[in-house]
2 protein chains.
Amino acid sequence: MKKKLPKPTEGELEILRIIWEQGPSTVRTVNDRLSTMKEVGYTTTLKIMQIMAEKGLLKRDTSGKTHIYHSSVSKQKTQQQLVDRLMEAAFGGSAMQLVMQALGNKPSTAEEIKEIRAFLDQLEGGKK
Amino acid sequence: MKKKLPKPTEGELEILRIIWEQGPSTVRTVNDRLSTMKEVGYTTTLKIMQIMAEKGLLKRDTSGKTHIYHSSVSKQKTQQQLVDRLMEAAFGGSAMQLVMQALGNKPSTAEEIKEIRAFLDQLEGGKK
DNA sequence: ATTTATCTACGAAAGAATTCGTAAAATGTT
DNA sequence: AACATTTTACGAATTCTTTCGTAGATAAAT
């Protein structure tokens with residue numbers, strides 16, 4: 001019975017994305033990356049990462065001088081959680097409406113559309 | 001040049017959904033509806049709606065005794081905004097990834113899948 | 001007109017999220 | 001060893017959201 005982790009905030013999600021991309025990271029490397037996107041102080045990043053560790057979103061190895069943080073939530077699960085939330089909160093639980101909204105505005109390439117079709121094929125085939 | 005309205009909070013979104021559904025509403029009717037979903041005091045609903053009016057998410061007619069609130073943001077635009085945000089924040093801007101995540105977990109009916117296909121056809125047709 | 005009910009206004013409290021200053025601990029440099 | 005740098009720890013200030021109590025205004029009922 002694993003307890004449900006809290007939904008990451010916007011700021012936390014930014015950090016998660018960096019760690020998913022880089023793998024286990026120090027505050028320093030996360031902050032360096034983050035700094036290329038926005039103004040942010042080192043201690044601010046540190047604090048957020050410490051809080052994330054408390055919440056269970058990150059785990060940390062404190063054996064060395066510099067602590068190393070790694071994600072304890074998978075990218076996939078987290079994305080799922082966020083999509084589910086939005087689907088519920090804004091679309092009354094309708095996946096289709098969400099999908100159409102997502103596709104409708106953003107012009108997709110023919111290639112992407114093809115991939116989605118293939119994906120739909122697979123979905124149908126699978127559930128027979 | 002219309003100024004950008006703030007992103008509604010979760011609580012605000014619930015109220016927006018009710019107003020989108022019911023049309024222009026009083027605090028009373030919104031609160032009645034809201035109360036069927038969760039415990040909430042009348043003044044709480046009132047306060048949130050007042051704040052929403054301040055922010056520009058709602059407009060109100062104060063001519064009568066009872067104020068009437070109506071949405072100043074369209075359902076469509078708001079959904080778009082939220083989807084865009086999530087797409088950016090969690091999927092690096094990829095509509096496709098978001099779509100697959102949305103479809104992948106939630107089992108869709110054959111009917112829905114059909115509709116999505118039709119939608120894709122239309123998308124392709126439209127962009128030549 | 002007095003009472004009762006409904007509604008708005010105001011403000012306060014509590015909790016979360018974000019930010020950062022300062023200090024202490026660990027490490028590195030000369 | 002003395003000094004400088006890096007990192008962690010702590011806590012305070014700020015802002016935002018949510019909640020609701022209380023009071024005042026307006027309308028309805030008797």
Side-chain angles (χ1 to χ4, degrees), chain A residues 4-19 24-35 37-70 73 78 81-82 85 89-90, chain B residues 4-19 22 24-35 37-70 73 78 81-82 85-86 89-90:
Chain A
K4 218 185 81 199
L5 294 174
K7 167 193 168 196
T9 67
E10 293 249 327
E12 290 171 346
L13 190 56
E14 283 184 308
I15 289 175
L16 278 177
R17 292 228 294 150
I18 291 172
I19 293 181
S25 308
T26 63
V27 174
R28 175 60 57 196
T29 61
V30 169
N31 184 248
D32 284 349
R33 188 82 177 71
L34 211 49
S35 296
M37 315 184 215
K38 67 172 186 180
E39 273 285 309
V40 61
Y42 177 85
T43 52
T44 301
T45 303
L46 168 65
K47 181 66 162 190
I48 294 182
M49 289 174 72
Q50 285 173 338
I51 290 174
M52 289 172 77
E54 268 175 34
K55 290 185 182 175
L57 292 173
L58 298 180
K59 281 185 182 136
R60 64 176 172 177
D61 174 1
T62 60
S63 60
K65 165 201 174 181
T66 303
H67 299 179
I68 295 179
Y69 293 76
H70 55 98
V73 295
T78 304
Q81 190 193 342
L82 293 172
R85 271 184 104 83
Chain B
K4 219 185 83 199
L5 294 174
K7 168 191 169 197
T9 67
E10 293 249 327
E12 290 171 345
L13 190 56
E14 284 184 308
I15 289 175
L16 278 177
R17 293 229 292 149
I18 291 171
I19 293 182
Q22 303 187 340
S25 308
T26 64
V27 174
R28 175 60 58 197
T29 60
V30 169
N31 184 250
D32 285 350
R33 189 81 178 69
L34 211 48
S35 295
M37 316 184 213
K38 67 173 187 180
E39 273 285 308
V40 61
Y42 176 84
T43 54
T44 301
T45 303
L46 168 65
K47 182 65 163 187
I48 294 182
M49 288 174 71
Q50 284 173 339
I51 290 174
M52 289 172 77
E54 269 174 34
K55 290 184 182 178
L57 292 172
L58 298 180
K59 282 186 182 135
R60 63 176 171 177
D61 174 1
T62 61
S63 60
K65 165 202 175 179
T66 304
H67 299 180
I68 295 179
Y69 293 76
H70 55 97
V73 295
T78 304
Q81 189 193 342
L82 294 172
R85 271 183 104 84
L86 180 65

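If you're wondering where the values come from, they're calculated on a predicted model, not measured in any experiment. In what follows, chains are A, B, ... by sequence order, proteins preceding strands, each numbered from 1.
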If the condition is salt bridge (charged side-chain N to carboxylate O under 4.0 Å, His left out), which residues does A:Arg17 pass it with, not counting sequence neighbours?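 Applying salt bridge (charged side-chain N to carboxylate O under 4.0 Å, His left out) to A:Arg17 gives none.
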Non-neighbouring partners of A:Arg28 that pass salt bridge (charged side-chain N to carboxylate O under 4.0 Å, His left out), sequence neighbours left out: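 Here no residue qualifies.
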side-chain contact (heavy atoms from CB on, under 4.5 Å) against [X], all qualifying residues, sequence neighbours excluded:
X: B:Glu54; value: none
X: A:Thr62; value: A:Arg60, A:His67
X: B:Thr9; value: B:Glu12, B:Lys55

Counting only heavy atoms and a strict 4.0 angstrom limit, can you tell me which residues of residues 49-66 of chain A come near DNA chain C?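 The answer is A:Ile51, A:Lys55, A:Lys65.
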With sequence neighbours left out, what residues match [X] under side chain to side chain donor-acceptor pair (under 3.5 Å)?
X: B:Thr45; result: B:Asn31
X: A:Ser25; result: A:Gln22
X: B:Gln50; result: none
X: B:Gln81; result: none

If each of A:His67 and A:Lys47 is mapped to the nucleotide of DNA chain D with the nearest heavy atom, which maps nearer the 5' terminus, i.e. the 5' end?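 Per heavy-atom nearest nucleotide, the more 5' residue is A:His67.
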Decide side-chain contact (heavy atoms from CB on, under 4.5 Å) for A:Ile48 and A:Glu14; before the verdict, give the C-alpha distance in whole Å, the side-chain angles of both, and the deciding distance to 0.1 Å. CA-CA 11 Å; A:Ile48 294 182; A:Glu14 283 184 308; over 6 Å; no
5' to 3' on DNA chain C, which nucleotides open and close the contacts with chain A (atom under 4.0 Å from a heavy atom)?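 In short, chain A contacts DNA chain C from C:dA17 to C:dT27.
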First and last nucleotide of DNA chain D, 5' to 3', lying under 4.0 Å from heavy atoms of chain A: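 The contacted stretch runs from D:dT7 to D:dG11.
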Which part of the nucleic acid, if any, lies within contact of A:Thr44, taking any heavy atom under 4.0 Å across all strands shown: a base, the sugar-phosphate backbone alone, or nothing?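 Base contact.
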